[in-house]
Every structure is written in C-alpha cells, then in structure tokens.
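Just so you know, these numbers come straight off a predicted model, no measurement behind them. Lettering of chains follows the sequences in order, A, B, ..., and the numbering in each one begins at 1.
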Number of protein chains: 2
Amino acid sequence: MNSKRNSTIRGSSDFKYISKASRHRQEGGDANAISHVPKEIRAIFRGGRLKCTPQRLAVLGILQKSMKHLSINEVHRGVKKILPRTGLATIYRTLEALEELCLVVRVHLEDGCQSYALAPSGHQHPIVCMGCNRVVDFEECPLEDISRRLSRETGFKIQQHFLQLFGKCRECQVP
Amino acid sequence: MNSKRNSTIRGSSDFKYISKASRHRQEGGDANAISHVPKEIRAIFRGGRLKCTPQRLAVLGILQKSMKHLSINEVHRGVKKILPRTGLATIYRTLEALEELCLVVRVHLEDGCQSYALAPSGHQHPIVCMGCNRVVDFEECPLEDISRRLSRETGFKIQQHFLQLFGKCRECQVP
DNA sequence: ATCATTGCAAATGTTTTGCATTCGA
DNA sequence: TCGAATGCAAAACATTTGCAATGAT
C-alpha cells in the first residue's frame with residue numbers, strides 16, 4: 001500500500017450543515033447555515049462521547065467550505081457570522097475536541113502552527129499553497145520504506161512522521 | 001543526490017565557545033563557558049551583518065551541547081547559567097536572528113512549534129525521540145521524485161517541504 | 001565612535017480557566 | 001432530567017516593543 005496515486009481537494013465530501021442554530025439565544029447571525037447533519041458525523045461525535053453542537057458543526061462547516069487552513073481567529077470570525085455570540089474560548093475548546101475526533105488537524109507553517117484544516121481521510125499528506133493557503137492532499141506516502149531502513153540504521157523505532165509540501169498552486173503561479 | 005545514506009547526531013562538529021562573557025556587567029554565571037569562537041561562525045554572522053555577541057553564542061552553544069530541541073524557556077534557563085542577566089526578550093530576538101542565519105531551526109511538534117534545535121547542515125531531516133527529545137538527522141531525502149511527480153499531477157509548483165520523523169531512540173525503548 | 005544589540009519594563013497578544021447558564025441526548 | 005458545552009470575564013501565560021545603556025566592530 002505504497003503507491004495509490006491520488007490527490008484530492010480536501011473536504012470534497014458532501015456534508016453541509018444548514019439549520020436553525022440556536023444555542024444560548026444566538027440570533028442575528030446567518031442562522032440558516034447549519035442543517036441536515038449527516039449521520040456519519042453524528043456517529044463520530046457519538047463515538048467520542050461528545051455532543052454534536054451547532055458551534056462544533058459550524059467550525060467544521062467553516063473549515064470545509066474554505067478548503068484551506070484557517071487560523072483560530074479566522075475560524076472565530078467565520079463562526080460568528082452564523083452564531084454571533086460565540087466566544088473565542090469556545091473556538092479553542094471546539095478545535096481541540098474536533099482534533100480529538102480526528103475531524104480536523106493542526107497545520108504547521110513556517111511561522112507557527114496555530115492553523116487548522118479539515119482532516120484528510122486515511123493516511124494523506126497536504127500540499128499547501130503559499131499564495132492562497134489552499135490545501136490539497138495526496139495519498140502516496142513515500143516514507144514507509146525509508147522509515148523501515150532508518151529504524152534499522154539508527155536504532156530508533158520510528159512511529160510516526162510529519163510531512164507537508166509547500167508550493168504554489170496553478171492560479172497563484174502567475175499573479 | 002538522492003541516496004547518500006548517512007545519519008548524524010546533530011551538532012557533532014567541534015565548536016564550543018568557552019570564554020569571558022561580559023556584556024552588560026553579567027557576572028556570577030558560569031562565565032567561562034564561551035570561548036574561542038570558530039572563524040566559520042564569525043563569518044556566518046558577518047555574512048548576515050549581525051554581530052557576534054555572547055548571548056548569541058551562548059544560545060548556539062546551549063543548543064549544540066544539548067543535542068535536542070529546547071523550548072524558548074529551556075534555552076533561556078540555559079543561557080542564564082552563563083549570562084545571568086539575559087532577558088527573555090533577548091532569547092526571542094536571538095533565536096529569530098539565528099534562524100535567519102540558518103544556524104537554528106524551529107522544531108514542529110504535536111503540541112506546538114516553539115522549540116528550537118541546531119540547524120542540520122545541508123538538506124537533512126530530523127528524527128525526534130519522543131522519549132528524550134534527542135534529535136538525529138538523516139540526509140536521504142525521499143521526496144525529490146515524488147515532488148516532481150506531484151507537481152505534474154496537481155499543477156502545484158512544489159518549492160519546499162517539511163518532513164520530520166518521530167519515534168523512540170534505543171535508550172528510550174525500554175524505560 | 002558608531003550603531004546594532006541588550007536589559008528592563010510595559011504593552012500587547014494568545015490561551016486557559018472558573019462558573020453560572022443553557023441545551024443536546 | 002442531567003451532565004456536557006457554552007458565553008462571559010478574569011487569570012495566566014507568551015510574545016513584542018520602546019528606550020536608555022552598553023559593547024562589538
């Protein structure tokens with residue numbers, strides 16, 4: 001399982017939550033932007049014994065729609081358009097929860113790692129566009145052989161890796 | 001230049017600065033721990049038009065001696081043993097300067113990326129021990145072929161990558 | 001002697017926490 | 001209903017900045 005050539009724009013599946021969004025008398029926002037939560041998502045929350053709240057769905061939705069990584073504050077800004085009374089603390093807690101469920105991942109950039117993106121499904125690695133922050137994933141993992149060999153050579157038991165590519169997407173190449 | 005099988009403990013070269021360490025009437029510390037600064041180091045500072053100060057050398061020295069990545073505070077603690085009056089702000093500024101000179105690199109971990117380690121020489125990637133934080137580098141870069149291919153497939157012009165392996169070193173495997 | 005760098009302290013920014021309230025299950 | 005999650009405000013922590021003093025060149 002080393003060469004399944006394939007790359008996908010992250011978040012291409014079809015869950016978009018558009019609904020009532022009430023919690024803590026939230027009103028005034030684009031409150032019709034969370035609905036029909038797909039059963040798989042509910043199941044994932046159930047599995048982690050976490051509640052499926054509008055805030056969490058909103059965060060997920062924001063990240064999904066954007067198809068790029070977003071900073072904590074960008075997520076917050078986005079969520080507030082839907083649920084205006086959402087506090088920053090909730091964003092922190094939510095992101096942490098979603099990370100636990102493996103629904104989102106933290107993105108590591110040159111200048112820090114407080115950005116988040118929708119998690120890729122399966123073992124994938126991201127290519128991040130340095131122009132527009134778009135994230136595309138690829139599945140082929142070139143590290144398995146080398147990990148095995150390095151384990152032998154260095155005595156390390158290699159357990160995981162972190163790989164990310166950076167570049168410019170087609171659109172951003174001619175600005 | 002793709003398979004030059006070789007892995008080195010980071011910082012194995014032979015510069016250790018042991019000296020007077022004066023600046024801002026620093027006294028009381030282990031002031032004999034910075035000396036004979038190798039000319040290559042001075043040249044690198046010169047090249048970047050940055051001054052070669054005891055604080056900067058101390059930071060470099062700390063990272064070199066430790067052979068593992070250190071948090072900002074660990075670096076600070078270490079530097080203060082030699083130059084007791086060193087402020088935290090200086091550590092921030094110093095690390096930034098050294099990063100600019102490519103003498104140190106920021107290390108990305110699960111829970112953040114505010115750790116620093118001596119920069120590897122040449123194109124290398126680190127293997128980080130999750131037990132003791134030791135860092136070992138390897139030179140073989142498995143990404144060149146795949147980068148080229150992904151460029152073709154995705155339309156991205158891939159310019160750089162970030163790769164880090166995690167595991168347990170021999171000592172930490174049986175704790 | 002000059003000017004980058006430092007130490008210090010204050011300002012700013014980021015993340016976490018405590019708790020009363022609310023809502024999902 | 002009941003406990004997990006939220007909003008809000010305050011606390012804790014991390015980083016940056018301004019400036020006078022210092023020292024590397």
Side-chain angles (χ1 to χ4, degrees), chain A residues 17 19-29 34 37 39 41-60 71-77 79-80 82-101 106 111-116, chain B residues 17 19-29 34 37 39 41-43 45-59 71-77 79-80 82-101 106 111-116:
Chain A
Y17 333 102
S19 90
K20 52 192 174 155
S22 42
R23 182 167 217 45
H24 272 224
R25 60 181 122 45
Q26 306 251 6
E27 47 208 19
I34 292 183
V37 183
K39 54 187 180 334
I41 294 294
R42 298 207 103 95
I44 292 172
F45 279 106
R46 185 94 54 89
R49 261 143 270 267
L50 293 175
K51 288 182 179 171
C52 186
T53 69
Q55 289 80 350
R56 289 171 178 175
L57 293 172
V59 168
L60 223 38
S71 69
I72 299 262
N73 286 303
E74 289 172 316
V75 172
H76 187 206
R77 237 173 288 139
V79 170
K80 279 200 295 189
I82 304 171
L83 304 166
R85 309 184 61 81
T86 307
L88 228 202
T90 298
I91 304 297
Y92 278 95
R93 289 180 288 215
T94 295
L95 252 6
E96 191 180 8
L98 295 178
E99 204 182 2
E100 208 173 299
L101 295 178
R106 208 195 280 228
D111 56 328
C113 50
Q114 289 311 58
S115 284
Y116 288 81
Chain B
Y17 331 102
S19 89
K20 50 190 177 152
S22 42
R23 185 172 216 41
H24 272 225
R25 62 181 121 42
Q26 306 249 6
E27 48 208 18
I34 291 183
V37 183
K39 54 185 180 332
I41 294 294
R42 298 206 104 93
F45 278 106
R46 185 96 52 87
R49 262 142 268 266
L50 294 175
K51 289 183 178 169
C52 187
T53 68
Q55 288 81 351
R56 289 172 179 173
L57 293 172
V59 168
S71 70
I72 299 262
N73 286 304
E74 289 171 317
V75 172
H76 188 206
R77 237 174 288 138
V79 170
K80 278 200 296 189
I82 304 172
L83 303 167
R85 308 183 62 80
T86 307
L88 228 202
T90 297
I91 303 298
Y92 279 96
R93 288 181 289 213
T94 294
L95 251 6
E96 193 180 5
L98 296 177
E99 203 181 3
E100 209 174 299
L101 295 177
R106 209 196 278 228
D111 57 330
C113 50
Q114 289 313 56
S115 284
Y116 289 82

Rounding to a whole Å, what distance do you find between A:L101:CG and D:dA5:C1'?
14 Å
Rounded at 0.5 Å granularity, tell me how far CG in B:L88 sits from CD1 in B:I72.
7.5 Å
Select one nucleotide: of D:dT6, C:dA25, C:dT5, the one nearest the side-chain heavy atoms of B:R56.
C:dT5
Where the side chain of B:R56 meets the backbone of B:L98, is there a donor-acceptor pair that is under 3.5 Å apart?
no
D:dA5 P sits how many Å from A:I91 CD1, rounded?
15 Å
On the nucleotide C:dT5, are OP1 or OP2 found under 4.0 Å from the side-chain N or O atoms that B:T53 carries?
no
All N/O contacts under 3.5 Å from nucleotides 8-11 of chain C to the protein, with atom names and distances to one decimal?
| unit_1 | atom_1 | unit_2 | atom_2 | d |
| --- | --- | --- | --- | --- |
| C:dC8 | OP1 | B:R85 | NH2 | 2.4 |
| C:dC8 | OP2 | B:R85 | O | 3.1 |

With sequence neighbours excluded, residues passing side-chain contact (heavy atoms from CB on, under 4.5 Å) with A:I44:
A:L101, A:L103
On DNA chain D, nearest-nucleotide positions of B:E96 versus B:R46: which is more 5'?
B:E96
Please tell me which of A:L88 and B:T94 maps to the more 5' nucleotide of DNA chain C, matching each residue to the nucleotide holding its nearest heavy atom.
B:T94
Provide, to the nearest angstrom, the distance between the CG atom belonging to A:L57 and the P atom belonging to C:dC23.
16 Å
Report the distance from atom CG of B:L95 to atom P of D:dT16, rounded to the nearest whole Å.
11 Å
May I have the distance from B:I41 (atom CD1) to D:dT25 (atom P), rounded to whole angstrom?
13 Å
Between A:H76 (side chain) and A:T86 (backbone), is there a donor-acceptor pair under 3.5 Å?
yes
All side-chain contact (heavy atoms from CB on, under 4.5 Å) counterparts of A:R77, not counting sequence neighbours
A:N73, A:E74
Give the rounded distance in Å between these two atoms: CD of B:E100 and P of C:dA4.
14 Å
In whole Å, what is the span from the CD atom of B:Q114 to the P atom of C:dT14?
13 Å
Of all residues at least two apart in sequence or in a different chain, which pass the side-chain contact (heavy atoms from CB on, under 4.5 Å) check with B:R42?
B:V37, B:C52
Should A:Q55 be listed as having a side-chain N or O under 4.0 Å from OP1 or OP2 of D:dG7?
yes
Please report, rounded to the nearest Å, how far the P atom of C:dT6 is from the NZ atom of B:K80.
16 Å
Below 4.0 angstrom from OP1 or OP2 of D:dA24, is there any side-chain N or O of B:R42?
no
So, is A:R49 close to the C:dA25 phosphate, meaning a side-chain N or O under 4.0 Å from OP1 or OP2?
no
Given C:dT6, D:dA5, D:dT25, the nucleotide with the shortest approach to the side chain of A:L50
D:dA5
How long is the gap from CD on A:E99 to CD on A:E96, to the nearest 0.5 Å?
8.0 Å
